[in-house]
Amino acid sequence: MPAAVPTPIDRHSQPDAAGHFGPFGGVYVPETLMTALEELGAAYAAAKADPAYVAELSHHLKEFAGRPTELYFAERLTAHCGGAKIYFKREDLLHTGAHKINNALGQVLLALRMGKKRIIAETGAGQHGVATAAVCAKFGLQCVIYMGAVDMDRQSLNVFRMRLMGAEVRGVESGQKTLKDAVNEAMRDWVTNVRDTHYILGSALGAHPYPMMVRDFHRVIGQEAKAQLLAREGRLPDEIVACVGGGSNAIGVFFDFLEEPSVKLIGVEAGGRGIVRGEHAARFEGGKLGVLQGSKTYILQNPDGQIELTHSVSAGLDYAAIGPEHAYYRDIGRINYAYACDDEVMEVFQLVSRLEGIIPALESTHALVEGIKRAKVLPKDKLVLINLSGRGDKDVNQVAKMLGVTLK
Ligand SMILES: *Cc1c(COP(=O)(O)O)cnc(C)c1O
């Protein structure tokens with residue numbers, strides 16, 4: 001059972017200098033990568049303290065990515081639910097279609113500062129690959145994206161988008177041929193080419209300093225939402241709901257509310273076909289403490305420590321480990337976690353499209369499922385903020401197929 005929330009929470013105390021969020025996180029990598037990670041940590045600390053870097057990043061976040069994103073009152077969905085007022089934070093309006101561009105921009109500017117000429121990244125659904133390909137094109141850097149062969153098949157449109165923007169997409173044929181295997185391949189590349197290559201990791205995962213750095217790049221989501229809600233409603237939300245793959249959009253929207261005890265924070269994992277081994281990706285439902293790809297955290301694994309197969313209707317939530325900062329705040333009871341199953345997601349995807357004229361990403365729809373459940377049982381004077389991490393254009397082919405609709 002999660003312990004009681006210690007008060008007060010000091011959100012800036014995590015992680016410690018060695019990258020630990022309580023007992024989670026850390027740096028579990030081969031010796032050959034230690035120097036690279038230390039160099040990256042030092043470069044990031046210097047950049048963060050440099051007003052020129054901060055100003056350049058916020059310029060590109062505005063001009064290239066489209067920040068600030070809107071806060072949107074979902075009026076018809078609110079009426080449909082009959083309870084709390086529902087607001088969306090519109091990360092789906094960002095360039096390339098999801099929050100991923102916040103982090104890709106932050107890291108590419110860092111790579112330029114470090115004099116790296118070549119960028120590599122992993123991608124699952126392809127959204128992080130597309131964001132990385134876009135920033136590499138913009139800044140004229142060589143770009144190699146690792147993607148599982150199975151994911152390339154499922155997300156062929158995103159593969160084509162990356163190639164249009166000049167990226168080389170390398171199919172990964174090892175393991176399950178999905179995201180985990182793409183990360184392995186990207187790490188192998190980084191070990192070999194570390195001198196001229198920066199690895200833009202796509203979520204709040206992996207070895208320190210990545211979970212901290214990626215979180216920082218997404219903090220802007222919560223900072224904007226806080227100011228926007230205060231301006232619009234004159235107060236903070238009662239609950240904030242976000243989907244959790246690795247955990248970057250969620251920690252980004254939550255971070256500036258961690259020290260506000262009146263605000264409930266809820267992360268939503270992928271329940272897949274239900275909480276049965278191999279049929280879901282809800283790490284807090286049956287996951288155990290372990291180390292995967294550089295970080296100690298909750299992982300879906302079998303009794304021998306082998307990584308379990310995962311499943312979700314949304315490729316972006318389909319990963320066996322959760323970001324270490326989430327593990328920490330779950331353990332101390334500050335953030336609560338729920339899960340949404342594929343069938344609920346399919347229903348709410350269509351409901352929100354119909355009621356609001358907004359087609360959400362299947363990942364974001366997980367947050368909508370939980371947000372709707374909560375809004376329904378809250379009184380009308382309460383506020384629920386749902387982070388709409390991405391748009392669903394990338395998912396319509398898949399949804400059409402699942403609904404038995406043939407597209408020409
Ligand atoms: C990648 C992705 C996610 C999951 O990643 P997090 O790091 O957990 O945010 C969620 N939503 C969308 C739209 C994505 O593209």
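We count ligands from 1, going down the list as the structure has it; atoms in each ligand are counted the same way.
- The proximity of S248 to ligand 1, defined as any non-hydrogen pair under 4.0 Å, involves the side chain as well as the backbone.
- Between E356 and R76 there is no salt bridge, since no side-chain nitrogen of the basic residue lies less than 4.0 Å from a carboxylate oxygen of the acidic one.
- Here V244 has backbone heavy atoms under 4.0 Å from ligand 1, and that is the only part of it that gets that close.
- Note: E63 CD to K138 NZ = 6.0 Å, rounded to the nearest 0.5 Å.
- Residue C243 has no N or O atom closer than 3.5 Å to an N or O atom of ligand 1.
- The proximity of H128 to ligand 1, defined as any non-hydrogen pair under 4.0 Å, does not occur for either the backbone or the side chain.
- Partner of Y44 under the ring-ring contact (aromatic ring centres under 6.0 Å, His included) criterion, out of F217, Y53, Y210: F217 alone.
- Taking the side chain as every heavy atom from C-beta outward, N387 and F254 never approach each other to under 4.5 Å.
- If you check which protein heavy atom lies closest to atom 11 (N) of ligand 1, you get S389 OG, 2.7 Å.
- Contact check for L388 versus L368: side-chain heavy atoms found under the 4.5 Å cut-off.
- If you number the atoms of ligand 1 from 1 as listed, the ones under 4.0 Å from a heavy atom of G390 come out as 13 (C).
- In this structure, G247 counts as a contact residue of ligand 1, since one of its heavy atoms falls inside 4.0 Å of the ligand.
- At a 3.5 angstrom cut-off on N or O pairs, A361 does not count as close to ligand 1.
- H311 and H280 have their aromatic ring centers separated by at least 6.0 angstrom.
- At a 3.5 angstrom cut-off on N or O pairs, S364 does not count as close to ligand 1.
- Across the listed options E269, K100, Q127, K100 owns the non-hydrogen atom lying nearest to atom 2 (C) of ligand 1.
- Note on ligand 1: E91 sits outside its first shell, no heavy atom being nearer than 4.0 Å.
- No cation-pi contact links R283 to Y298, judged by a cut-off of 6.0 Å to the six-membered ring centre and 45° from its axis.
- Annotation: E363 places no N or O atom under 3.5 Å from an N or O atom of ligand 1; distance criterion only.
- A salt bridge does not link K226 with E224: every distance from a Lys NZ or Arg NE/NH1/NH2 to an Asp or Glu carboxylate oxygen is 4.0 Å or more.
- Where the criterion is an N or O separation shorter than 3.5 Å, residue side chain and backbone included, K394 fails it with respect to ligand 1.
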